[in-house]
Amino acid sequence: MNSVIAFIGLGRMGGPMAANLVRAGHHVIGYDLVSASLDAAVAAGAGRAASAVDAAAHADIVITMLPAGHHVLALYRDEGVLAAARPGTLFIDCSTIDVADARTAHEAATAAGHRALDVPVSGGVVGAEAATLTFMAGGGAPEFAEAEPVLSAMGKRVVHCGGAGAGQAAKICNNMILGVSMIAVSEAFVLGESLGLSHQALFDVASAASGQCWALTVNCPVPGPVPASPANRDYRPGFAASLMAKDLGLAANALAAGGVAAPLGSRAAELYAAFAAGEGADLDFSAIVRTLRTLGAQNGATA
Ligand code: NAD
């Protein structure tokens, strides 16, 4: 028999993820602070909980998909969700949060007599809707084995990365590569422009040479070479610059906590924080190519 799953946080990601669980035949009880989001989940076939505590009290598995670590910890502890759940409930946090917060959440859940996994995702809203997300899990092997079939109903790839916090660690390490590589690809296009090199020529060479990477071949930051990339639709996301800034901020926190040097990752975090707070607020993260062009123009003006 399928487990009863409480799904708390039914926003842009959680809403379609919960709907895919229902579609796969799971019994889902939903809750969100925003009634329109809860209504949409109920319309998709989920049960309606009166509160997060109400949802968790009736579940075998509690999935959370919340904005940040403090939301997860407040829900678990202050709102009383851990206290309300039946002993041994499996808590699966799919939010993207600090590694340190994820470890604290694991400790709080196990101290309350439960089991826990941190399982952030990549693939965005499109992947959440199409059930093609990638899940990266941190926690014990038995918990992972129990969660895997549930996660598979919402995604196409589920990877066990290690113990508590390892899922969040994998997420921020991957996104640090992505943030740095998008800036590197963008800088190469801007340099090429100044040298009279066409976007297509640079793409044709680099996509088949050692500069090849996802930021170039899938999310190409200039219009033309990759028709499906956000650059061809005025940089409508895609992967929002604000989310890249958030994830690089989490990486920066982990770098500082561990005393680890990452000069490019740290600089990428600064550039994306400024970009997301300004002109990039509503844009795909690849639009940072525009800011890099502007920096060049400013340097030229002051030279
Ligand atoms: P969102 O803001 O659309 O959804 C979050 C939901 O949580 C909201 O509906 C909010 O009302 C609800 N919520 C907050 N506190 C709550 C509480 N105490 N009880 C019940 N509900 C509560 O955010 P999102 O885009 O769905 O992102 C969720 C998480 O997924 C974030 O951690 C984000 O970093 C991560 N993520 C997002 C994307 C993306 O493309 N949007 C991609 C990968 C990962």
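Each ligand, and each atom within it, is numbered from 1 in the order the structure gives. Quantities reported herein were computed from a predicted structural model and do not represent experimental measurements. Positions are given from 1, in the same order as the sequence printed here.
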Transitive ILVMFWY side-chain link Leu10 to Leu33, under 4.5 Å: yes
Close-contact set for ligand 1 against Gly11 heavy atoms, below 4.0 Å: 3 (O), 4 (O), 6 (C), 9 (O), 26 (O)
Nearest option to atom 29 (C) of ligand 1, as decided by whichever heavy atom of Leu66, Leu75, Val121 sits closest: Leu66
Could you list which atoms of ligand 1 come closer than 4.0 Å to a heavy atom of Val34? 11 (O)
Please check if the side chain of His160 supplies one atom and the backbone of Gly162 the other of a donor-acceptor pair under 3.5 Å. yes
For ligand 1, indicate whether the residue Asp32 contacts it via side chain, backbone, both or neither (heavy-atom separation under 4.0 Å). both
Distance-only, no hydrogens or angles: does the Ser266 side chain make a donor-acceptor pair with backbone N or O of Pro263 under 3.5 Å? no
Within a distance under 4.0 Å of any heavy atom of Glu79, pick out the atoms of ligand 1 and give their elements. 18 (N)
Ligand 1 versus Leu243, non-hydrogen atoms closer than 4.0 Å: side chain, backbone, both, neither? side chain
When you look for heavy atoms under 4.0 Å from ligand 1, do you find them on the side chain of His70, its backbone, both, or neither? neither
Which one holds for Ile8 and ligand 1: side chain close, backbone close, both close, or neither close, with close meaning a heavy atom under 4.0 Å? side chain
Which atoms of ligand 1 have any heavy atom of Lys246 under 4.0 Å away? 31 (C), 32 (O), 33 (C), 34 (O)
